[in-house]
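One structure below.
Proteins get letters first, then strands, A, B, ... in listed order; numbering begins at 1 in each. All values derive from a computational prediction rather than experimental measurement.
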Amino acid sequence: MADTSGDPFRVLIACILSLRTQDTTTGPAAARLFAVAATPETMRRLPAARIAKLIYPVGFYRTKARVILGICRDLLERFGGRVPDTIDDLLTLNGVGRKTANLVVTMGFGKPGICVDTHVHRISNRLGYVRTRTPEETEMALRARLPRRFWIGYNDLLVAFGQNVCAPISPKCSTCPVRAICRRVGVTSFR
DNA sequence: AAAACGGGGGC
DNA sequence: GCCCCAGTTTT
């Protein structure tokens, strides 16, 4: 992800940028945006078209510009210009779902959390680690297993594994470190 | 050229 | 539960 320096607002915005897009272009896009505006107050004054141009070419750039402005307005009107630090409060922001809320809580506020993207959801089931139907169910199941003391990095590990090894298409089973405990070595179409 | 891919909202 | 949102990446 982009360098967000532990600033919850930057984490939040970077999360929005990375929704439903491959995460290679979002870092530079976030950097360009933050160079112009890095707080709800300043970002809110940017026209949507300006934001859209700054964050291009991330997918959904027009939609995301609108969402970002809505979030800035909400933060200012309902949260005193601060990013809330609980899942429940975060979920009241339009454009923020469970994945984003968890990411803000963990990366922005340094609290334990589980962010379940489709990678995490997929590999957890593919490996037989859990048996869940929705990402939310996976989140709850993984939360129960979150290491108490060494939880930092746990989530990143899952995501990285899902991106680089246990990929949705052409998973690298031949070099997979957990090949021995996987029930679906060589299965390429599991979702 | 075509299909796969990824969160969230509205219904 | 189903459909929509727009663009990049993979096949």
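- Checking dA6(C), dT11(C), dG8(B) against the side-chain heavy atoms of T63(A) singles out dA6(C) as nearest.
- DNA chain B is contacted by both N94(A) and I169(A); I169(A) maps to the nucleotide lying nearer its 5′ end (nearest heavy atom per residue).
- dA4(B) atom C1' lies 16 Å from atom CD of Q163(A), rounded to whole Å.
- Proximity of residues 49-61 of chain A to DNA chain C (heavy atom under 4.0 angstrom from any strand atom) is restricted to Y56(A), P57(A), G59(A), F60(A), Y61(A).
- Using a 4.0 Å heavy-atom criterion, one finds that V67(A) contacts no nucleic acid atom at all.
- Atom pair I16(A):CD1 and dG6(B):P shows a separation of 18 Å (rounding to whole Å applied).
- Summarising the geometry, the separation between NE2 on H121(A) and C1' on dG6(B) is reported as 13 Å, rounded to the nearest angstrom.
- Using a 4.0 Å heavy-atom criterion, one finds that T25(A) contacts no nucleic acid atom at all.
- Listed pair T118(A) / dG7(B) meets the phosphate criterion, a side-chain N or O lying under 4.0 Å from OP1 or OP2.
- To the nearest whole angstrom, the two P atoms, one in dG7(B) and one in dT10(C), are 15 Å apart.
- Judged by atom type and distance alone, R20(A) does not reach the base of dC5(B) through any side-chain donor-acceptor pair under 3.5 Å.
- Between L103(A) atom CG and dG6(B) atom C1' there is a gap of 14 Å when expressed in whole angstrom units.
- Put simply, CG on L17(A) is 13 Å from P on dG8(B), counting in whole angstrom units.
- Distances shorter than 4.0 Å separate none of the side-chain N or O atoms of S18(A) from OP1 or OP2 on dG7(B).
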Let me check I have this right: for DNA chain B, each base becomes ., (, ), [, ] or |, based on Watson-Crick or G-U pairs with both distances under 3.5 Å. What is the full string? |||||.|||||
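- In this structure, S170(A) does not reach the dT10(C) phosphate: none of its side-chain N or O atoms is under 4.0 Å from OP1 or OP2.
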